[in-house]
Undergrad: 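My structure is below; once you've seen it, I'll send some questions.
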Amino acid sequence: MDKIIIRGGRKLSGTVPVSGAKNAALTLLPCALLTEEPLTLRNLPRLADIDSFQHLLNQFGISTSIAGARPEDFGRVMTLQATRLTSTVAPYDLVRKMRASILVLGPMLARAGEATVSLPGGCAIGNRPIDLHLKALEAFGARIELAAGYVRAHAPDGGLPGGHYTFPVVSVGATENAVMAAVLANGTSTLHNAAREPEIVDLCNLLVAMGAEIEGIGSSHLTIHGVSRLHGATYMVMPDRIEAGSYACAAAITGGDVLLAGARIEDMTATVQALTDAGIHVEQTRGGLHVAANGAIRPVTLSTAPYPGFATDMQAQLMAMLCMAKGSSVLTETIFENRYMHVPELNRMGARIETKGRTAIVHGVDHLVGADVMATDLRASMSLIIAGLAAEGETSVHRVYHLDRGYERLEEKLALIGADVERVGND
Ligand code: EPZ
């Protein structure tokens with residue numbers, strides 16, 4: 001397994017390109033199931049999760065082709081076409097590697113009237129149930145049964161009638177599955193307390209470009225008027241607001257000055273607010289988001305929340321930056337039950353973080369010390385990279401396969417803005 005070695009202490013400066021959003025791409029890709037025509041997605045990030053999803057879609061008989069990407073380019077253009085499905089089963093050995101595979105359930109049900117998907121199981125940050133996915137689909141008329149570790153979903157003959165569902169808690173994936181099931185239903189469906197993340201807006205915008213009729217896009221109340229068929233489209237994946245926020249924290253902790261090319265401030269208002277509260281200069285320019293350290297980092301107190309609140313996917317990265325604040329910050333993780341696994345590793349680098357249940361108190365220190373650290377999940381891994389960039393000496397982040405799931409060509413991008421970083425194999 002590879003590891004990434006960072007020699008810290010350099011101020012990051014320059015321009016870093018922001019890739020297409022992983023969490024948008026993972027819900028746009030299964031939309032290929034909703035039409036027999038070609039779907040072309042531009043600005044797809046080169047990530048392990050995207051490769052895994054492509055492999056899963058190929059399993060169903062969907063053709064995929066990559067075009068227009070030179071090795072040095074960031075992002076790819078992929079054309080997908082589901083002319084004829086050869087399978088409606090998402091098998092365990094694929095789903096267990098990437099739990100976002102569950103996002104084929106809704107569109108497969110809409111397209112084929114049936115879908116069999118392995119239960120994704122939990123992951124490092126929590127047990128990640130999918131009960132809300134299933135309840136929403138049942139509300140839209142699906143018959144759901146669980147057998148031998150699989151979800152088997154069936155639509156009535158003639159397709160889903162559609163229906164109405166109010167989410168008891170906000171769920172990004174369940175909202176995505178429900179929307180993708182409803183667009184081809186025989187009637188109108190409504191979702192209340194739906195997730196409003198920009199990635200869901202991206203999904204709805206693609207579906208509308210394919211001929212879907214959706215009202216309330218961007219709000220927590222969605223109305224979907226089912227149509228009989230959808231056509232192909234060419235669509236640009238939105239920029240990754242979490243990747244952008246991660247590099248912003250890296251620039252801030254190193255006292256740097258970086259332009260995040262292609263980042264959209266309107267997608268990341270809570271992150272920008274947190275950085276601003278921490279004394280970091282952030283402004284939208286024509287080329288993207290300009291982020292510059294501006295004196296000492298100030299402590300911040302916040303809780304993660306569904307959009308437009310502060311993203312849980314940014315908690316670990318912000319915490320790393322706050323390790324160097326002048327004062328104590330208080331972070332509360334309200335979304336997942338086990339998303340502090342970066343804390344012991346940061347403390348091994350000299351941070352002073354105490355966790356009490358879902359709350360972490362980050363006492364700022366005046367320096368961090370490089371160490372060998374272990375990545376446990378995608379965003380925790382990035383927090384260790386961020387800390388290593390500011391730490392004295394050398395930091396080796398092991399198990400970087402976690403990072404490859406969500407950060408396109410990380411070490412190349414860090415090197416672009418002046419980091420002393422290298423990737424070595426045979427860890
Ligand atoms: C998406 O996961 C993202 N993944 C996650 O990003 C992100 O952390 C999460 O949304 C929250 O923003 C993708 O988009 C591929 P949820 P998802 O359903 O859809 C509970 C990353 O680092 N819940 O909004 O799985 C759940 O346990 C990843 O890029 C149920 O109880 O998140 C959690 O506590 C990590 N039942 C809360 O809701 C359900 O049926 C929010 O989960 C579904 C969820």
Undergrad: So, do H281 and H290 have ring centers that fall under 6.0 Å from each other?
TA: yes

Undergrad: Run the numbers on I125 and I335 for side-chain contact (heavy atoms from CB on, under 4.5 Å), then give the verdict.
TA: CA-CA 10 Å; I125 63 177; I335 307 291; over 6 Å; no

Undergrad: With a 4.5 Å cut-off on side-chain heavy atoms, are Y407 and S381 touching?
TA: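 Side-chain contact under 4.5 Å: no.
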
Undergrad: Okay, side chain of E243, backbone of S19: is any donor-acceptor separation there less than 3.5 Å?
TA: yes

Undergrad: With salt bridge (charged side-chain N to carboxylate O under 4.0 Å, His left out) as the rule and sequence neighbours excluded, what pairs involving residues 190-199 come up?
TA: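 Salt bridge (charged side-chain N to carboxylate O under 4.0 Å, His left out) check on residues 190-199 returns E199-R241.
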
Undergrad: Determine whether V151 and L105 make a side-chain contact, defined as any pair of heavy atoms from C-beta on separated by less than 4.5 Å.
TA: yes

Undergrad: Just by distance, no angles: are the side chains of S383 and Q317 close enough, under 3.5 Å, to form a donor-acceptor pair?
TA: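 The criterion, which ignores hydrogens and geometry beyond distance, is not satisfied for Q317 and S383.
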
Undergrad: Are side-chain N/O atoms of T79 and T40 paired as donor and acceptor at under 3.5 Å?
TA: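 A pair is found: one side chain offers a donor N or O, the other an acceptor, under 3.5 Å apart.
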
Undergrad: What closest approach, in Å, do P239 and V18 show between heavy atoms, and which atom pair accounts for it?
TA: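 Taking every non-hydrogen atom into account, CB-CG1, 4.1 Å.
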
Undergrad: Ignoring hydrogens and geometry, is there a side-chain-to-backbone donor-acceptor pair from R348 to D372 under 3.5 Å?
TA: yes

Undergrad: Flag yes if more than 12 heavy atoms outside H55 fall under 6.0 Å of its NE2 atom; otherwise flag no.
TA: no

Undergrad: Locate the shortest heavy-atom distance separating A261 from T15; write the atom from each residue and the value.
TA: CB-CG2, 3.8 Å

Undergrad: Taking the side chain from T269 and the backbone from E266, do they hold a donor-acceptor pair closer than 3.5 Å?
TA: no

Undergrad: Looking only at side chains, do Y235 and D202 share a donor and an acceptor under 3.5 Å apart?
TA: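 The answer is yes; a qualifying pair exists.
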
Undergrad: How far does CG of L414 sit from CG of D420, to the nearest 0.5 angstrom?
TA: 11.0 Å

Undergrad: Walk me through it: do D377 and R405 pass the test salt bridge (Lys or Arg N to Asp or Glu O under 4.0 Å)?
TA: CA-CA 9 Å; D377 62 86; R405 303 190 55 170; over 6 Å; no

Undergrad: Would H221 and E215 satisfy side chain to side chain donor-acceptor pair (under 3.5 Å), going step by step from the backbone distance to the final call?
TA: CA-CA 8 Å; H221 302 279; E215 294 163 25; over 6 Å; no

Undergrad: Using a 4.5 Å cut-off on heavy atoms from C-beta on, say whether the side chain of F336 contacts that of R128.
TA: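 With C-beta onward as the side chain, the pair touches.
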
Undergrad: For T276, does its backbone N or O pair with a side-chain atom of Q273 as donor and acceptor, under 3.5 Å?
TA: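 No; judged by distance alone, with no hydrogens or angles, the pair does not exist.
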
Undergrad: Hey, could you give me the CG/CD1 distance between D257 and I280, rounded to the nearest 0.5 Å?
TA: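 Going from CG on D257 over to CD1 on I280, the span is 11.0 Å.
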
Undergrad: What I want to check is whether the side chains of H225 and T188 have a donor and an acceptor closer together than 3.5 Å.
TA: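 Per modelled atom types, H225 and T188 side chains form a pair under 3.5 Å.
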
Undergrad: Taking it one step at a time, do T312 and R339 satisfy side chain to side chain donor-acceptor pair (under 3.5 Å)?
TA: CA-CA 9 Å; T312 174; R339 206 165 196 178; 2.8 Å; yes

Undergrad: Decide, yes or no, whether a salt bridge links K356 with E354 under the criterion of side-chain N to carboxylate O below 4.0 Å.
TA: yes

Undergrad: Tell me if the CZ atom of F167 is crowded by more than 12 foreign heavy atoms within 6.0 Å.
TA: yes

Undergrad: Side chains of F53 and M98: closer than 4.5 Å at any heavy-atom pair?
TA: yes

Undergrad: Specify the closest pair of heavy atoms between M180 and C31, including all atoms of both residues, with the distance to one decimal.
TA: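 Nearest heavy atoms, M180 then C31: SD-SG, 3.9 Å.
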
Undergrad: Checking the side chain of T334 only, and the main-chain atoms of T304 only, is there a donor and an acceptor separated by less than 3.5 Å?
TA: yes

Undergrad: May I ask you to decide if L12's main-chain N or O and T254's side chain share a donor-acceptor pair within less than 3.5 Å?
TA: yes

Undergrad: If you define the side chain from C-beta out and look only at heavy atoms, does anything of T359 sit under 4.5 Å from S303?
TA: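 They are not in side-chain contact.
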
Undergrad: What pairs meet the side chain to side chain donor-acceptor pair (under 3.5 Å) rule with one or both residues in residues 319-330, with sequence neighbours excluded?
TA: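 Those involving residues 319-330 are S328-H363.
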
Undergrad: Could you give the distance from CG (D404) to CZ (R423), rounded to the nearest 0.5 Å?
TA: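 D404 atom CG to R423 atom CZ measures 4.0 Å (nearest 0.5 Å).
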
Undergrad: Is a side-chain N or O of Y340 found less than 3.5 angstrom from the main chain of R358, in a donor-acceptor match?
TA: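 Present.
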
Undergrad: Kindly give the heavy-atom pair with the smallest separation between C249 and M321, and that separation in Å.
TA: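 Looking at all heavy atoms of both residues, the closest pair is O-CG, 4.0 Å.
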
Undergrad: Using a 3.5 Å distance criterion without hydrogens, assess whether the side chain of D277 forms a donor-acceptor pair with backbone atoms of V300.
TA: no

Undergrad: Using a 6.0 Å cut-off, check whether atom NZ of K11 has over 12 heavy atoms from anything other than its own residue.
TA: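 Result for NZ/K11: open.
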
Undergrad: When you look at CZ of R42, are more than 12 heavy atoms from neighbouring residues, nucleotides or ligands closer to it than 6.0 Å?
TA: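 Counting neighbours around CZ of R42, 12 or fewer heavy atoms of other residues, nucleotides or ligands fall under 6.0 Å, so no.
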
Undergrad: If only side-chain N and O atoms count, and only distance matters, is there a donor-acceptor pair under 3.5 Å linking E176 with H133?
TA: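 Note: H133 and E176 side chains miss the donor-acceptor criterion.
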
Undergrad: Looking at every non-hydrogen atom in both residues, tell me the closest pair between T395 and G370 and how far apart they are.
TA: OG1-CA, 3.1 Å

Undergrad: R111 side chain to A181 main-chain N or O, any donor-acceptor pair under 3.5 Å?
TA: no

Undergrad: Going from CG on L44 to CD on Q54, what distance comes out if it is rounded to the nearest 0.5 angstrom?
TA: 9.0 Å

Undergrad: Looking at every heavy atom in both S396 and K3, which two are closest together, and how far apart are they?
TA: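 Scanning both residues completely, I find the closest heavy atoms to be CB-CD, 4.2 Å.
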
Undergrad: Strictly below 4.0 Å, N to O, side chains only: are R46 and E408 in salt-bridge contact?
TA: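 Looking at R46 and E408, the cut-off is met.
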
Undergrad: Tell me whether D2 contacts the main-chain N or O of V400 through its side chain, where contact means a donor paired with an acceptor under 3.5 Å.
TA: no

Undergrad: Please tell me if the side chains of V362 and C323 come closer than 4.5 Å, counting only heavy atoms from C-beta onward.
TA: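 With C-beta onward as the side chain, the pair touches.
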
